[in-house]
Amino acid sequence: MKKMICALGALLLLCGCSGKPTGPAEVQFFAMDTVMTVTVYDEDMEQAEAAARAVQTEMNRLDKLWSRTDPHSDISNINAHAGDGAAVEVSSDTGLLLTNANTAARESGGAFNPVMAPVMDAWGFTREKHAVPSQAELDALLALTEDLPEVTLNQGQTTASVSLTKEGQSLDAGAIAKGVAAYKAMGVLSGYDVDFAWFALGGNITACGAKPDGSDFRVAVKDPRNTEEHLCILSLEPYKSCSTSGGYERYFEENGRRYHHIIDPADGYPADSGLLSVTVVSEDAPWADAYSTACFVMGAEKALEFWRSNEGAARYLDLILVTEEGHVYVTEGLEEGFEFKGEEKGYTYEIVRR
Ligand code: AMP
Ligand code: MG
């Protein structure tokens, strides 16, 4: 059996594939501010390559729609009309992105917030010109994060109308866009009759189907204290997605303090919830992405309470929460095939049940 170990975004990936195919076909490219890798297995290599390229084309299309820096994107268009009373007509894909974002915002009790862009800008994360804003500046900007975008899917559902009600409001879909993109990519792949595929969109990994040899598709979660190493390995069931959020992914340091890119909408500061990283596994790729960010903001206690509620999106999630003290909470749906690698690194773990 051939074994590949690839370092990809926030996760490491272990995939053993055997059998007839000589492939896989693999494309790697940069989109949505991250490196994306699409790997497709099929006996017919031409088919596998065509499928991988089709996913790449889809990612580039969605990147153009959702970019904050492209002035012609749907997101820029909506932001440009914030507070002027006009609803902007956008692609139904943008409608899908924002309805998912609004649901995540509501169900997470505001831990997930898709209109954090002004706060992200104040911290300088958008243009990598970092600065620590004053609390007064943050308080003024937080007033712009209170109202969610208004989204209406238009007749025929090929377009959507979106408006931001307050001047100065601005969308940042960075915490969910790759999850929705993974969902769209699965749709593209279903049009090609290939054996198996997986994609890694930064820290979001999706298993598209079951491995032809029947073995588990294995994903390794990074040690957030030392991202060169694994903390644990888990089995990703067919069509499930896995997403990791961690403060170590993007940060800057000033006067000996570290400021990372996941912001607590309650105070506008980098979330200080006691967690180093959160991994979410779900059959719903957008939820995996949105809730890895949201649970990072919530902290272990609230995140587990949310998971135990087993309501709404929480029904479709399993979590791995890594605390600053080095404790790892793993929810019961991930128990089978779970391999802990953290003992020697001073971590402990427990399986959490509903
Ligand atoms: P992720 O890597 O999926 O956890 O997403 C992190 C990104 O989401 C950040 O770089 C910001 O662009 C954005 N973001 C930061 N804080 C939040 C938040 N509380 N809710 C939603 N998006 C956020
Ligand atoms: Mg996310």
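Whatever order the structure lists ligands and atoms in, that order sets their numbers, starting from 1. Computed from heavy atoms alone, side chains included, the values below leave out hydrogens, waters and symmetry copies. Computed from a predicted structure; not experimentally measured.
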Could you verify whether a donor N or O on one side chain and an acceptor N or O on the other, from Ser241 and Ser282, lie under 3.5 Å apart?
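Note: Ser241 and Ser282 side chains miss the donor-acceptor criterion.
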Can a donor-acceptor pair be found between the side chains of Thr39 and Glu26 at a distance below 3.5 Å?
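Present: a donor and an acceptor within the cut-off.
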Any ring pair (Phe, Tyr, Trp, His ring centres under 6.0 Å) involving residues 68-113? Give me the pairs, sequence neighbours left out, ordered by first then second residue.
none
Which protein N, O or S atoms does the Mg ion (ligand 2) have within a distance shorter than 2.8 Å?
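Under 2.8 Å from the Mg ion (ligand 2) - ignoring waters, which are not counted - the protein N, O or S atoms are Ala175 O, Asp289 O, Asp289 OD1, Thr293 OG1.
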Going by the salt bridge (charged side-chain N to carboxylate O under 4.0 Å, His left out) test, which pairs reach into residues 254-282, not counting sequence neighbours?
Glu253-Arg258
Taking the six-membered ring for Trp and the single ring otherwise, decide whether the centroids of [X] and [Y] are under 6.0 Å apart.
X	Y	result
Tyr349	Phe338	yes
Tyr269	His260	no
Trp198	Tyr41	no

Atom-level proximity to ligand 1, residues with heavy atom under 4.0 Å:
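Around ligand 1, where the cutoff is 4.0 Å for heavy atoms, the contacting residues are Ala111, Phe112, Asn113, Met120, Asp172, Gly174, Ala175, Ser245, Glu249, Arg250, His261, Ile262, Ile263, Pro265, Asp289, Thr293, Val297.
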Do the side chains of Leu304 and Val352 get nearer than 4.5 Å, heavy atoms only?
yes
How are the rings of Phe196 and Phe217 set relative to one another: parallel (under 30°), tilted (30 to 60°) or perpendicular (over 60°)?
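Aromatic pair Phe196/Phe217 classed perpendicular.
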